[in-house]
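Below: the structure, in structure tokens.
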Amino acid sequence: MRSATETLFRMGVARGTITTLRNGEVLLFCITAAMYMFFFRCKDGLKGFTFSALRFIVGKEEIPTHSFSPEAAYAKVEQKREQHEEKPRRVNMIGLVRKFVDSICKHGPRHRCCKHYEDNCISYCIKGFIRMFSVGYLIQCCLRIPSAFRHLFTQPSRLLSLFYNKENFQLGAFLGSFVSIYKGTSCFLRWIRNLDDELHAIIAGFLAGISMMFYKSTTISMYLASKLVETMYFKGIEAGKVPYFPHADTIIYSISTAICFQAAVMEVQTLRPSYWKFLLRLTKGKFAVMNRKVLDVFGTGASKHFQDFIPRLDPRYTTVTPELPTEFS
């Protein structure tokens, strides 16, 4: 569905019927993030993998049903402090960073509605940024490991790019700023309104979506938007406000495939390059050997990227003599 939606959008842009917006993927992500975080904050709003992923990214403190009493939190902090004093002190980078953060956020405020009992609002945001920045940085590093080790012996200097790469820091900044902006906005709204409301998640999620400026990705925005539509559809079915269509997933998949294949024949330039390569691998290159010049009469520029391709045709089955006729032995 995501590929079909993106293909339709690209076709509209190519034909001039759709006007592109600057940073449109960021705006789409802001809207999607706002709705996702609202469902996340609502009781029984999200389930399964999506709920677990947001719980890991944002934290269990932002779940309204998270029951964690201040007394239990205080006892837990005291227990950690005693265990820390019993262990021998070792100087390392993580310890220094943690000590630095604690020194900055030691005397910060915390609203009575905030459930992050172990941290004040300032440290809550800073620690969230550091945690998710590290996760994003490590994810990007792991994704680059296969390509880096291919050049281990030919270009050893490329191993440095595994750790000092711009994309590593961009993904880290994206995830870290998303969490810190969301948490910071949520805390700010609790202080302003003196209550904890699920509607805060819409504002906080929208503002947190601006973090995609660090890691612009149309693929992520389109995927999350399509999953959001799916989530809202099933929520409507559960509420009895949207009718259920049997085999709807099969029908949607068939329509999406038809749209993508139509574009692969008539408007290859509107497909994502990665999806075009996938179709070539799937069909063993058959999509690239079509006689698209005869399709140019429809005005879609079917042969735009195939100007040098001349098919070999059997003159017995053509009305016009082909440029490269098939030779029979």
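Position 1 is the first residue of the sequence, and the numbers go up from there.
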- Message: I'd like to know whether Gln140 forms a side chain to side chain contact (heavy atoms under 4.5 Å, CB included) with Asn165, so could you lay out the CA-CA distance, the side-chain angles of the two residues, the decisive distance to 0.1 Å, and finally the verdict.
- Response: CA-CA 9 Å; Gln140 198 66 33; Asn165 187 274; 5.6 Å; no
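Between Glu62 and Arg190 a salt bridge is recorded (basic side-chain N to carboxylate O distance below 4.0 Å). With salt bridges taken as basic N to acidic carboxylate O contacts below 4.0 Å, one links Asp197 and Arg193. Between Arg110 and Asp119 there is no salt bridge, since none of the side-chain N atoms of the basic residue sits less than 4.0 Å from a carboxylate O of the acidic one.
When atom types are taken as modelled, the side chain of Thr270 and the backbone of Glu267 share a donor-acceptor pair closer than 3.5 angstrom. Judged by distance alone, the side chain of Asp296 and the main-chain N or O of Ala302 form a donor-acceptor pair under 3.5 Å. Judged purely by atom type and a 3.5 angstrom limit, Asn23 has no side-chain atom pairing as donor or acceptor with the backbone of Val26.
Under a 4.5 Å side-chain heavy-atom cut-off, the cluster of Ile, Leu, Val, Met, Phe, Trp and Tyr residues that includes Phe245 is completed by Tyr233, Phe234, Ile237, Val242, Tyr244. Counting Ile, Leu, Val, Met, Phe, Trp and Tyr side chains that sit under 4.5 Å apart, directly or through other members, Trp191 stands alone, with no cluster partners. Taking Ile, Leu, Val, Met, Phe, Trp and Tyr as hydrophobic and joining them when side-chain heavy atoms fall under 4.5 Å apart, one finds Val268 in a cluster with Phe261, Val265, Met266, Leu271, Tyr275, Trp276, Phe278, Leu279, Leu280, Leu282, Phe287, Val289, Met290, Val294, Leu295, Val297, Phe298, Phe306, Phe309.
For the pair Phe133 and Leu175, the minimum side-chain heavy-atom distance is 4.5 Å or more.
When all heavy atoms are compared, the tightest approach of Ile220 to Met212 is CG2-CE, 3.9 Å. Nearest heavy-atom pair, Asp196 versus Arg41, reported as atom, atom and distance to 0.1 Å: OD1-NH2, 3.0 Å. Counting all heavy atoms, side chain and backbone alike, Lys183 lies closest to Val58 at CE-O, 2.8 Å.
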